[in-house]
Structures are given as C-alpha cells and as structure tokens.
Enquirer: 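One structure, as structure tokens, below. Some questions next.
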Amino acid sequence: MFCCCIFLAVSLLHSLCLFHVSGYDRSCTEYPVFTPSALIVKYGDPANVTCVVCQKDCSGDVFGLEHAVGKVTQNGTTMFWTVDRLTEWDTYLMCYYNNDAGDQCGSTVDITIYQPPESVSISFVNHTGMMFENQQYTLQCSVQNVAPVQSLTVTFYRGNTALGHLQSNHSEEKKPVNESFTLNITRSREDDGAQYWCEAKLELGPAGPQRPPVVTSEKLPVIVHYGPELKEPPNPDVITITEGDTLHLNCSSVGNPSPSYTWTLPTNSPSYSGSVLTIKSVGFEHEGQYICTVSNPIGTVTKEFNIDVQGECCQILPGKRVTEDQSQYYFTN
Ligand SMILES: *[C@@H]1O[C@H](CO)[C@@H](O)[C@H](O)[C@H]1NC(C)=O
Ligand SMILES: *[C@@H]1O[C@H](CO)[C@@H](O)[C@H](O)[C@H]1NC(C)=O
Ligand SMILES: *[C@@H]1O[C@H](CO)[C@@H](O)[C@H](O)[C@H]1NC(C)=O
Ligand SMILES: *[C@@H]1O[C@H](CO)[C@@H](O)[C@H](O)[C@H]1NC(C)=O
Ligand SMILES: *[C@@H]1O[C@H](CO)[C@@H](O)[C@H](O)[C@H]1NC(C)=O
Ligand SMILES: *[C@@H]1O[C@H](CO)[C@@H](O)[C@H](O)[C@H]1NC(C)=O
Ligand SMILES: *[C@@H]1O[C@H](CO)[C@@H](O)[C@H](O)[C@H]1NC(C)=O
C-alpha cells in the first residue's frame with residue numbers, strides 16, 4: 001500500500017494516505033504523532049518537525065520518515081526532520097511503521113509554505129481623466145506573487161474607513177500567484193481629497209506567524225469634480241435693512257474646481273466678483289435686486305437678494321409710516 005502511495009502524485013498521495021490513516025479495517029492500534037501537528041513556514045526559512053513513530057506497538061523494526069527535502073535524524077523511534085531553507089512549494093512528510101500484522105501505519109503532516117505579497121497596488125479600472133460625483137467606478141487591487149492565495153484577504157479603504165473585504169477563492173494552488181480584486185464604488189463629493197488604498201493580508205491561523213503578513217498599496221488620491229453648491233440657504237423673498245447699516249450678501253459656495261462669482265447689481269456700479277458683497281453704509285440707492293451667479297465648468301447656480309431699505313426713523317417709530325414713494329418715507333404726528 002505504502003509503496004504505491006509514494007509513487008503517485010503528491011495530491012493523490014495525500015488523499016490516499018489520509019484515507020489509509022483513517023481506515024477502520026486496519027490492524028493499526030496507533031499512528032505516528034508529529035510535533036508540531038502542522039507546519040506553517042515562510043518560503044526559504046528553516047523548519048523542523050519531530051515524529052514519534054509509536055509509543056506502545058513498536059515491536060517491528062520497519063519504520064521511517066519519508067521526506068522529499070531536508071534531512072532526518074533518529075533517536076530510537078523518534079524521528080527528527082529539519083531543513084535549512086524550505087524552497088519546495090509542494091512537499092510532504094510521512095512517518096510510518098509496520099506493525100506485527102505487517103500493515104503499515106502512517107501519518108502525514110500538513111505543510112503550508114507561505115510568501116507575503118511581493119507587491120500590492122491599487123488603481124481604477126479602465127478610467128482616465130476627470131471623475132464625477134454619483135458615478136460608479138471600479139477600484140482594483142492587484143496582489144503579486146503571494147502564496148497560498150487561499151489564505152489571502154484584501155481590504156479596500158477610503159482614508160481609515162474599510163469599504164470592502166474580499167477573499168480569494170482559488171482552491172488548492174500552493175505556488176505564488178498574482179490575483180486582482182475589484183470593488184465598485186460610487187463617488188460622492190465627500191470623497192474629494194480622500195485617499196483610496198488596499199491591504200493584502202495572509203491569514204494563516206493560530207499556528208501561523210504571530211503577526212499575519214500584511215502588505216499595503218500606495219495611496220491613491222481622489223479628486224471628485226462637482227458643480228457649485230451654495231453654502232448658505234436661500235434668502236427670504238425680501239431682505240429689509242435700515243439706512244446706514246452694513247449689508248452683507250453672502251453667496252459663498254463650494255465646488256470642484258473652485259467656482260467663480262459674478263454679480264448683477266441694481267445700480268450700474270462697477271462689476272464685482274467676490275463671494276460676499278458688502279455695502280458699508282446702505283442708502284436708498286442700494287435698493288433692488290442683486291443676482292449672484294456661481295459657476296464652474298460643471299455647473300452654475302444663482303442666488304437672488306431683494307433688498308428693501310428703510311429710513312432710520314421707521315425703527316424708532318414703528319407703525320407710523322403712512323405712505324412711501326420708492327425713495328422716501330413720510331410720517332404723520
Ligand atoms: C525547530 O523549529 C522551531 C520553530 O520554528 C524553532 O523554534 C526551533 O529553534 C527549531 N529547532 C531546531 C533544532 O532547529
Ligand atoms: C535519545 O533519547 C533519549 C531518551 O529520550 C535521551 O536520553 C538521549 O539523550 C537522546 N539522544 C540524543 C542523541 O538525542
Ligand atoms: C476595459 O475596457 C475595455 C475596452 O473598453 C474592455 O474590453 C475591458 O473589458 C474593460 N475591462 C474591465 C475590467 O472592465
Ligand atoms: C470566485 O469564484 C466565482 C465563481 O467561480 C468567480 O465568478 C469569482 O470571480 C471568483 N472571485 C474571485 C475574487 O476570484
Ligand atoms: C505575476 O506578475 C509579475 C509581474 O507582472 C510577473 O513577473 C509574474 O510572472 C506573475 N506571476 C504569475 C504566477 O503569473
Ligand atoms: C461592477 O460594475 C460592473 C459594471 O456596472 C458590473 O459588471 C460588475 O458586475 C460589478 N462588480 C461587482 C463586484 O459588483
Ligand atoms: C458667508 O457664509 C459662509 C458660509 O456659511 C461663512 O463661512 C462666511 O463666514 C460668511 N461670510 C460673511 C462675510 O458673512
């Protein structure tokens with residue numbers, strides 16, 4: 001049985017021998033025990049394992065440790081396997097003995113050889129040029145030369161926020177592979193100025209290295225283009241202000257690229273292109289409609305201010321106004 005085993009392909013060997021190990025109809029009363037029970041080794045690192053062939057049923061003198069690489073030393077029925085540099089992706093160890101009935105009782109040890117990603121990079125798929133809000137884009141995280149890929153998880157981040165957690169579903173590959181993971185995202189203006197990045201982590205379990213190997217990508221700066229939006233809510237229909245007071249018309253807006261401002265004024269004053277229009281001391285000549293137009297290459301918004309100026313006296317004697325003629329107030333009493 002064992003002889004057939006070693007000449008078969010390694011994966012087949014595994015399944016066959018595992019079947020062998022767990023067979024009910026054998027006369028084996030115990031099986032060799034490996035310490036540790038599984039090996040998780042970084043590619044190129046040294047490794048060792050001990051096998052106690054048997055503890056009670058050791059009358060026979062046929063036993064051993066089958067190995068493709070490394071060397072074995074022996075002390076009684078304890079076998080010690082070591083390798084200086086483990087550089088075989090697909091290797092196996094099998095410890096066995098023949099019992100009195102002539103049956104072979106064997107165990108294998110799981111060997112996982114890992115290699116942290118050589119590099120991790122992030123990009124947008126099929127995209128060049130400007131990015132706009134509310135549109136969908138596909139982020140791609142490319143992980144190169146990682147093994148075993150089944151233990152790989154990839155997390156996409158925006159700033160410190162995890163956006164998605166993906167796992168490879170490559171089944172049994174033991175050698176290093178390249179794999180790309182994608183995530184669809186919809187851009188919002190809040191993303192503007194944020195950074196995207198991804199992290200590749202090998203999760204090898206409790207028997208693996210204390211700190212799971214992690215490699216992160218570079219950071220991808222994000223620019224989202226969007227049309228102007230007013231920072232302040234719209235105005236009441238008419239803004240009433242007292243003669244001599246200071247008037248601020250606030251049209252401040254956000255947008256990317258930064259918007260520009262143009263004002264249409266009731267009087268033929270010089271043109272103005274700031275975000276806030278200030279009149280230090282308001283006179284009746286300042287009454288009327290002010291229109292602020294905010295634009296960038298993506299869009300335009302406007303804001304209207306209708307200004308009504310009251311005489312100072314009206315504040316002192318409210319309700320006494322009887323007539324008005326656009327520029328003056330008259331009082332009775
Ligand atoms: C055997 O492997 C363990 C775990 O890697 C290590 O701590 C120990 O030093 C090794 N022993 C020998 C003799 O190489
Ligand atoms: C072999 O094992 C015995 C008992 O476990 C121990 O006393 C002895 O030192 C070991 N010999 C070597 C060479 O390790
Ligand atoms: C990228 O664009 C090309 C051409 O438009 C298309 O053939 C390809 O499938 C796209 N790739 C992805 C990942 O969407
Ligand atoms: C996982 O497997 C499914 C079905 O085989 C496949 O469509 C999908 O692309 C795989 N995902 C990854 C990340 O490889
Ligand atoms: C992974 O990508 C690198 C660089 O593109 C390439 O040199 C290498 O051969 C690839 N490995 C596999 C397993 O495809
Ligand atoms: C991402 O979006 C593309 C195009 O809309 C779609 O074909 C693809 O299935 C989406 N991928 C995922 C992982 O949702
Ligand atoms: C205009 O409005 C913005 C947004 O609310 C505010 O930050 C700014 O201080 C205001 N400017 C003036 C002069 O009131």
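Only a predicted model underlies this, so the values are computations on that prediction, with no experimental measurement involved. Whatever order the structure lists them in is the order used to number ligands and atoms, beginning at 1. All values below were derived from every heavy atom in this structure, side-chain atoms included, with hydrogens, water molecules and symmetry-related copies excluded.
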Enquirer: Against the six-membered ring of Trp89, is Lys175 placed for a cation-pi contact (under 6.0 Å from the centre, within 45° of the normal)?
Expert: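 No, Lys175 does not lie over the aromatic ring of Trp89.
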Enquirer: Are any of the protein's heavy atoms under 4.0 angstrom from atom 14 (O) of ligand 2, yes or no?
Expert: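 At least one protein heavy atom is under 4.0 Å away.
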Enquirer: Is it the case that more than 12 heavy atoms not belonging to Asp84 sit under 6.0 Å from its CG atom?
Expert: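 Counting neighbours around CG of Asp84, 12 or fewer heavy atoms of other residues, nucleotides or ligands fall under 6.0 Å, so no.
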Enquirer: Provide, to 0.1 Å, the distance between atom 6 (C) of ligand 5 and the closest protein heavy atom, together with that atom's residue and name.
Expert: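 The answer is Asn178 ND2, 4.1 Å.
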Enquirer: In terms of residue, atom name and distance, what is the protein heavy atom nearest to atom 1 (C) of ligand 2?
Expert: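 Here the nearest protein heavy atom works out to Asn75 ND2, 1.3 Å.
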Enquirer: Which of the atoms of ligand 5 are close to Pro176, meaning less than 4.0 Å from one of its heavy atoms?
Expert: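 Near Pro176, meaning under 4.0 Å from one of its heavy atoms, ligand 5 has 13 (C).
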Enquirer: With no hydrogens and no angle check, just 3.5 Å: does a side-chain donor-acceptor pair link Tyr226 and Asp192?
Expert: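 Side chains of Tyr226 and Asp192: no pair found under 3.5 Å.
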Enquirer: Test your reading of the model: is there a side-chain donor-acceptor pair from Ser273 to the backbone of Ser271, 3.5 Å cut-off?
Expert: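 No: the side chain of Ser273 does not pair with the backbone of Ser271.
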Enquirer: I want to check something: taking the side chain as every heavy atom from C-beta on, are Ile241 and Ile307 in contact at a cut-off of under 4.5 Å?
Expert: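 Yes - at least one pair of side-chain heavy atoms lies under 4.5 Å apart.
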Enquirer: For atom 4 (C) of ligand 2, is the nearest protein heavy atom closer than 4.0 Å?
Expert: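 Protein heavy atom within 4.0 Å of atom 4 (C) of ligand 2: absent.
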Enquirer: Set out, in order, the CA-CA distance, both residues' side-chain angles and the distance that settles disulfide (SG to SG under 2.5 Å) for Cys54 and Cys105, then state yes or no.
Expert: CA-CA 9 Å; Cys54 61; Cys105 307; over 6 Å; no
Enquirer: Where is the nearest protein heavy atom to atom 11 (N) of ligand 1: which residue, which atom, and how far?
Expert: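 That would be Asn48 ND2, 2.9 Å.
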Enquirer: Flag atom 9 (O) of ligand 1 as yes if some protein heavy-atom distance to it falls below 4.0 Å, otherwise no.
Expert: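 Flag for atom 9 (O) of ligand 1 set to false, no protein heavy atom closer than 4.0 Å.
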